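What follows is a short report on a single structure.
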Amino acid sequence: MLTRVKSAVASFMGGVMAAGGHSGGGGGSELPLRFPYMRPEFLGLSADEIECSADHAARPILILKETKRLPWATGYAEVINAGKSALNEDQACCEVVMARRRPVSYCPPSTPSKTPTAKRRSSLPNGEGLGLRMEHGMLGELVFHYWALFDGHAGSGAAVMASRLLQHHIVCQLQAVVEVLRNPAFCPPTVLGEEPDDHPHLQGATPPGPHRAALTRAASLRGSGGAPGSPCGTPPPPRFFMEKRVQHESLVIGAIENAFKEMDAQIEREKQVYNITGGCTALTVVYLLGKLYVGNAGDSRSIIIRNSEIIPMSAEFTPESERQRLQFLGFMQPHLLGNEFTHLEFPRRVQRKEVGKRMLYRDFTMSGWAYKTVEDEDLKFPLIFGEGKKARVLATIGVTRGLGDHDLKVHDSNIYIKPFMSCCPEVKVYNLTQYEHGADDVLVMGTDGLWDVLSNQEVAEAVTSFLANCDPDDLHRYTMAAQDLVMRARGVLRDRGWRITNERLGSGDDISVFIIPLMYGNRQP
Ligand code: MG
């Protein structure tokens with residue numbers, strides 16, 4: 001076991017390595033590719049340009065061409081790694097997408113890209129204004145803006161597939177709640193199809209028209225013209241808890257969460273018939289009805305820079321940040337550890353000669369440390385081992401949430417990583433209508449290649465100072481700022497290494513960056 005783990009640790013010190021090749025590895029699968037390797041569609045690169053972009057020595061920074069536009073004049077730039085994998089395993093997507101009312105059960109489980117109601121709008125020259133106009137458009141329709149970054153590992157298959165399909169899973173999930181979301185006066189019914197005016201949530205609310213009459217009728221049926229001391233006609237407060245009140249915003253969060261799960265399930269299903277290699281992290285931003293919903297599963301990151309203030313919009317999921325969840329899973333289902341790992345954490349590997357001695361440890365219930373008497377069981381390899389970027393789960397992988405990886409096992413064993421690797425995102429919400437945003441207020445999304453070498457503060461200062469020196473009317477300024485960020489993180493080639501300011505090492509990883517100006521979301525939907 002120890003030899004196996006040593007070998008695995010050595011193999012994965014730089015992260016899960018890709019086998020390379022056009023298929024992104026996969027051990028020479030005979031199955032057809034689900035999607036061919038590509039760079040983001042919106043870059044509009046030729047095959048030759050894509051090939052040139054994979055030059056690990058030159059590492060050219062790719063940017064959105066000036067003639068091309070993304071919604072909200074979003075900026076984008078990317079660069080390939082310094083040789084970690086043959087292909088750039090980051091992927092990106094940016095679209096304006098429409099969801100039409102339809103019961104969620106009608107969503108085809110495997111081919112959402114072919115649903116007739118999931119219409120992509122990115123072919124339009126510029127998405128600005130489109131979303132808001134359409135949000136007010138036909139009843140039963142919702143349009144949302146969508147940006148996403150995927151960071152692949154052990155092959156590019158899962159990242160490419162997720163970059164093509166995840167937005168359609170979000171459409172499928174939203175279709176079931178389009179009507180509810182378009183009526184902000186009503187609370188979401190607990191059961192779809194239930195009349196809102198029969199709903200106990202309406203107590204205290206003042207719905208318009210016939211619903212107000214129904215509310216008054218409902219109040220009188222409860223046997224009271226109003227609570228003691230309350231204004232005449234005011235419905236009485238409920239005497240006891242009847243149902244949880246669900247906010248509209250929670251429906252969008254739930255739709256995004258379920259879309260991630262559906263995407264992951266689709267990858268698992270279609271691996272039976274396609275060559276879909278590896279796994280990927282996923283960071284998505286959805287703009288819908290005045291709010292940004294940032295969903296994150298992995299170690300990419302997004303921050304908002306508003307008036308030079310930094311507002312974190314995601315948190316990384318790593319073996320260290322998720323230690324207690326992972327340890328709890330190992331404790332509850334010890335068979336997942338294959339009798340080779342222990343769910344306990346010790347400050348270092350326990351040696352046989354230390355059995356019987358008292359040693360510091362912690363389990364899933366603890367954030368601090370305590371002493372325990374070392375037993376034979378504690379000689380097993382720790383479920384979580386290492387620190388910072390070198391921390392690994394099951395000596396294999398350094399990220400704990402993402403899509404794919406269904407076949408990933410501990411080296412030379414039958415222990416699967418997937419139960420510990422969750423596809424569930426954390427979704428944070430930012431209400432764009434609460435603030436007046438200027439032209440330099442932006443949301444920055446980046447894969448870990450950016451954040452490994454630049455802090456939030458460094459990114460914020462770089463973007464703020466760069467934009468301050470640009471013509472505020474130049475719509476290409478956000479792409480130029482993204483290019484500047486990628487350049488700062490990649491650095492320049494010197495003494496056979498990539499160096500950034502103060503002679504620090506530059507990022508050798510793939511780096512992808514969106515810069516999204518926020519002023520376009522200030523209009524009240
Ligand atoms: Mg990366």
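Quick note: residue numbers are just sequence positions, from 1. These numbers come from a predicted model, not from an experiment. Ligands are counted one by one from 1 in listed order, and the atoms in each one are counted from 1 as well.
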Determine whether I384 and L326 satisfy the following criterion, side-chain contact (heavy atoms from CB on, under 4.5 Å), listing intermediate values before the conclusion.
CA-CA 8 Å; I384 296 159; L326 301 169; 3.9 Å; yes
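The atom name of the N/O/S atom in D448 closest to the Mg ion (ligand 1) is OD1. Its N, O or S atom nearest to the Mg ion (ligand 1) is what matters here, and for D509 that atom is OD2. Checked against the Mg ion (ligand 1), the N, O or S atom of D151 at the shortest distance is OD2.
Using the six-membered ring where Trp is involved, W147 and H145 have ring planes that are parallel, under 30° apart on the 30 and 60° scheme.
Annotation: side chain of S512 is in contact with side chain of Y76 (closest heavy-atom distance under 4.5 Å).
In this structure, CD on E461 lies 11.0 Å from CG on L454, to the nearest 0.5 angstrom.
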